[in-house]
Protein chains: 2
Amino acid sequence: MATVADAQRDVDHPPREDIRLAGVLAALADPIRMRVVRELAAAGTTKSCVAFELPVSKSTCTHHFRVLREAGVIRQSYRGTARMNDLRRDDLDALFPGLLAALLLAAGTEVDHA
Amino acid sequence: MATVADAQRDVDHPPREDIRLAGVLAALADPIRMRVVRELAAAGTTKSCVAFELPVSKSTCTHHFRVLREAGVIRQSYRGTARMNDLRRDDLDALFPGLLAALLLAAGTEVDHA
DNA sequence: CATCTTGTACGACAAAAACCATACTACGAG
DNA sequence: CTCGTAGTATGGTTTTTGTCGTACAAGATG
């Protein structure tokens, strides 16, 4: 369960108005990070970092999640030792209408054809 | 006017099926290249490299146009000494429906709010 | 408390990217 | 033919990025 201590360990996220399109695109241009976003969108709920089973080391994993967070693509919060990740769908849709949907669709069809 | 010699100087473009979403996103994550694409979309026609008046040197300019071409975002062809550039709207729309429109819209609203 | 699980911090490294200057090619115009 | 214009090629520098390993921190669990 999330505790008060968890909340204090929480980390900074850019406010909605600071999210830049260039940052979002750079974040999603990496295949590992795009995969994370796709799995997050498919799940529809928060997922811990370890749940993704990414083919990289722990520290690289931390790096990728930080890039996604600083770009404003995901929201992170602690729950015990786990860091839960969550798509910032609301903010992205408000800022860039249709973009997330088009990106997820594009990524999906590309995988299907591979 | 375009000549036979012009055609022989033409350069390789990736076929539609080789265009990767990651490459397109990486290409568009650079502000200079996004600006080129936006101006191309707004113009609706081909434009020579020099017509963009980009704030970088000639060689850097060549570099950015090559990245866009190799990502499959633009088509280039010679006309005299000028290299004409053209958005690959048809291919992008076929591969990634709605993506280009969402990107252009997003880039446009971002500039408006700046 | 001891230990396991999760994740972070830091330092290092190689590869890629963005940039420039210089030298060059190719076409067009005088 | 000569010169100007448009762009390429090459090679260099600097910055950024993706990756890792090691050491550490904090909560969960025995």
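So you know, we letter chains A, B, ... as the sequences are listed, proteins then strands, and number each from 1. Everything numeric in this text was worked out from a predicted model, so none of it was measured.
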Rounded interatomic separation in angstrom, taking CG from A:Leu28 and C1' from D:dG18: 16 Å
Where protein sits on nucleotides 5-23 of chain C, one letter per nucleotide: B base, S sugar-phosphate only, - none, heavy atoms under 4.0 Å: BBBBB--------SBBB--
Over 12 non-hydrogen atoms of neighbours within 6.0 angstrom of CG in B:Asp12: no
Joint hydrophobic cluster, A:Met84 plus A:Val37, side-chain heavy atoms closer than 4.5 Å: no
Joint hydrophobic cluster, A:Leu87 plus A:Tyr78, side-chain heavy atoms closer than 4.5 Å: no
Note, A:Arg88 side chain near A:Ile19 side chain (heavy atom, < 4.5 Å): yes
Flag side-chain contact, heavy atom, 4.5 Å: B:Asp86 against B:Leu40: no
